[in-house]
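What follows is one structure encoded as structure tokens, with my remarks underneath.
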Amino acid sequence: MKLGNVILQLSGIDLASLKESEIIEKIKAQCVEQGYDTEQVENVNVYINIEGTAVTAYYICDACNGAIKLN
């Protein structure tokens, strides 16, 4: 699995330290919980929203979609 597009939105925060590997692992874990086969997923598009101190990644791919908290 690899990331396609990553969009970063900043609101009320100066700096975010985001690691691609951590994002992918959290997305994979959530997809597995939902019963999806992550080995067949090639690209995942991610929209990252940072508002105040909350960092959330919304993702979509051919097989699945959802949201994960990154902090």
Side-chain angles (χ1 to χ4, degrees):
M1 178 186 290
K2 65 180 182 173
L3 291 181
N5 297 323
V6 176
I7 301 169
L8 178 63
Q9 175 182 333
L10 298 173
S11 176
I13 194 167
D14 295 326
L15 180 64
S17 176
L18 305 173
K19 295 183 180 176
E20 179 182 358
S21 60
E22 291 177 10
I23 294 170
I24 290 173
E25 289 306 314
K26 288 183 178 187
I27 290 172
K28 279 184 179 182
Q30 190 174 64
C31 287
V32 168
E33 286 177 11
Q34 296 174 357
Y36 295 110
D37 181 8
T38 60
E39 295 300 319
Q40 295 181 355
V41 176
E42 291 184 21
N43 289 310
V44 177
N45 292 319
V46 176
Y47 170 82
I48 297 176
N49 181 282
I50 301 172
E51 190 166 339
T53 59
V55 181
T56 306
Y58 299 91
Y59 64 91
I60 188 166
C61 64
D62 292 338
C64 56
N65 62 62
I68 56 171
K69 290 188 177 189
L70 297 176
N71 65 340

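Closest non-hydrogen pair, Tyr59 versus Ala67, comes out as CE2-N, 3.6 Å. Lys26 and Lys69 make their closest contact through NZ-O, 3.5 Å (heavy atoms, listed as atom of the first residue, atom of the second, distance).
A distance of 10.0 Å separates CD1 in Ile68 from CD in Glu22, rounded to the nearest 0.5 Å. Taking CG from Asn43 and CD1 from Ile60, the interatomic distance works out to 12.5 Å, rounded to the nearest 0.5 Å. Interatomic distance, Ser21 OG to Leu3 CG, rounded to the nearest 0.5 Å: 10.0 Å. For the atom pair OG1 (Thr56) and CG (Leu70), the distance works out to 7.0 Å, reported to the nearest 0.5 Å.
The local environment of CG in Asp62 is sparse, with at most 12 non-hydrogen atoms from other residues, nucleotides or ligands closer than 6.0 Å. Under a cut-off of 6.0 angstrom, the local environment of CD in Glu42 is sparse, with at most 12 non-hydrogen atoms contributed by other residues, nucleotides or ligands.
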Exercise for the section: Evaluate the criterion side chain to side chain contact (heavy atoms under 4.5 Å, CB included) for residue pair Val46 and Ile27; output intermediate values, then yes/no. Expected result: CA-CA 10 Å; Val46 176; Ile27 290 172; 4.0 Å; yes
Handout entry: Residue pair Asn49, Tyr58: steps toward the side chain to side chain contact (heavy atoms under 4.5 Å, CB included) verdict
Key = CA-CA 8 Å; Asn49 181 282; Tyr58 299 91; 4.1 Å; yes
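Listed by chain and residue number, nothing satisfies the side-chain hydrogen bond (donor to acceptor under 3.5 Å, both in side chains) test with Glu20 (two or more places apart in sequence, or in another chain). Legend: residues meeting side-chain hydrogen bond (donor to acceptor under 3.5 Å, both in side chains) with Asn65, ordered by chain and number and at least two apart, are absent.
In the model, Gln30 has no side-chain atom that pairs as donor or acceptor with a side-chain atom of Tyr36 under 3.5 Å.
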